[in-house]
Amino acid sequence: MATKLGKIDLKNYNLDGFEFEELISEKRIQKRVEEIGSEISKDFENKIPIIIGVLNGSFLFMADLVRNINIDYEVDFIKISSYGNSTKSSGTVRLVKDISADITGRDLIIVEDIVDTGLSIEFLFNRLQEAKPNSISFVTCLKKPTKVDVDHLVNYVGFNIEDSFVIGYGLDLAQKFRGLSSIYNLTPKKDIE
Ligand code: IMP
């Protein structure tokens, strides 16, 4: 059975009858990020958008995305929390750290790691809207089938995936595994050691 994940030895982790399988390779991610970067560069030509990363999960996607955008932009971050240490959303979104930029009249591009229930996007849209920006666009690396209808809010999607728990490329399980360059699926273990 697979005991290594990138450079991480899984023997150090109690995954409770689950294991990780590669879902999206680093190569596929990087190619898609390039494509989204070009699209955004075209769509926001002659504007100076503020690109706002949603912490913690978006940090790798955000870093790769901005390096594939070839127009002027500014960068800021916001931190919200909905998962705690669990693999299920708590259903309540909480603001942990607010943005510092003045967003009134500006074009905002909010960068998410993954859209799951859609509650975070809905929360962010409602909150940022209050400051009367010129536009709010959302870009997410991954999108699961959402409970809340947020399709009209999400302008750029890296990959649509099934409803299962994933880690890597910024995504964590209880704050671990964020640094992996590929994305992995948490699946029930097939082999018994
Ligand atoms: P939503 O509010 O349910 O759409 O959840 C969004 C947030 O939940 C994301 O920004 C992630 O931080 C977290 N999340 C949702 N699904 C996963 C997953 O499969 N793995 C790791 N984190 C996830």
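Each ligand, and each atom within it, is numbered from 1 in the order the structure gives. Here, residue 1 is the first one in the sequence, and each next residue gets the next number.
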Inset, instruction - May I ask which of V93, V166, I167 has a heavy atom nearer to atom 19 (O) of ligand 1 than the others do? - result: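 Heavy atom nearest to atom 19 (O) of ligand 1 belongs to V166.
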
Legend entry - Proximal candidate to atom 3 (O) of ligand 1 [heavy atom criterion; set T117, L124, I114, L119]: T117

What are the atoms of ligand 1, with element, lying closer than 4.0 Å to any heavy atom of [X]?
X    : value
D172 : 21 (C)
S120 : 1 (P), 2 (O), 5 (O), 6 (C)
G118 : 1 (P), 3 (O), 4 (O)

Inset, instruction - For the pair R106 (side chain) and D102 (backbone), establish whether a donor and an acceptor sit closer than 3.5 Å, ignoring hydrogens and angles. - result: no

Inset, instruction - Kindly say whether D107 contributes a backbone atom to a donor-acceptor pair with the side chain of S135 at under 3.5 angstrom? - result: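 Absent.
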
Legend entry - Atom pair CZ (F165) and OG1 (T187), whose distance is rounded to the nearest 0.5 Å: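 One finds 13.0 Å between CZ of F165 and OG1 of T187.
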
Inset, instruction - Pick one of side chain, backbone, both or neither for how D116 approaches ligand 1, counting any non-hydrogen atom pair under 4.0 Å. - result: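 Both backbone and side chain.
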
Inset, instruction - Tell me, please: is K144 in heavy-atom contact with ligand 1, that is, under 4.0 Å? - result: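 Heavy atoms of K144 do come under 4.0 Å of ligand 1.
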
Legend entry - Salt-bridge present (D98, R127; N to O < 4.0 Å):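 Salt bridge present between D98 and R127.
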
Legend entry - Flag side-chain contact, heavy atom, 4.5 Å: D113 against L142: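 The answer is no, as the side chains (C-beta and beyond) never meet within the 4.5 Å cut-off.
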
Legend entry - Stepwise salt bridge (Lys or Arg N to Asp or Glu O under 4.0 Å) test for E35 and R32: CA-CA 5 Å; E35 292 167 357; R32 189 72 189 109; 2.8 Å; yes

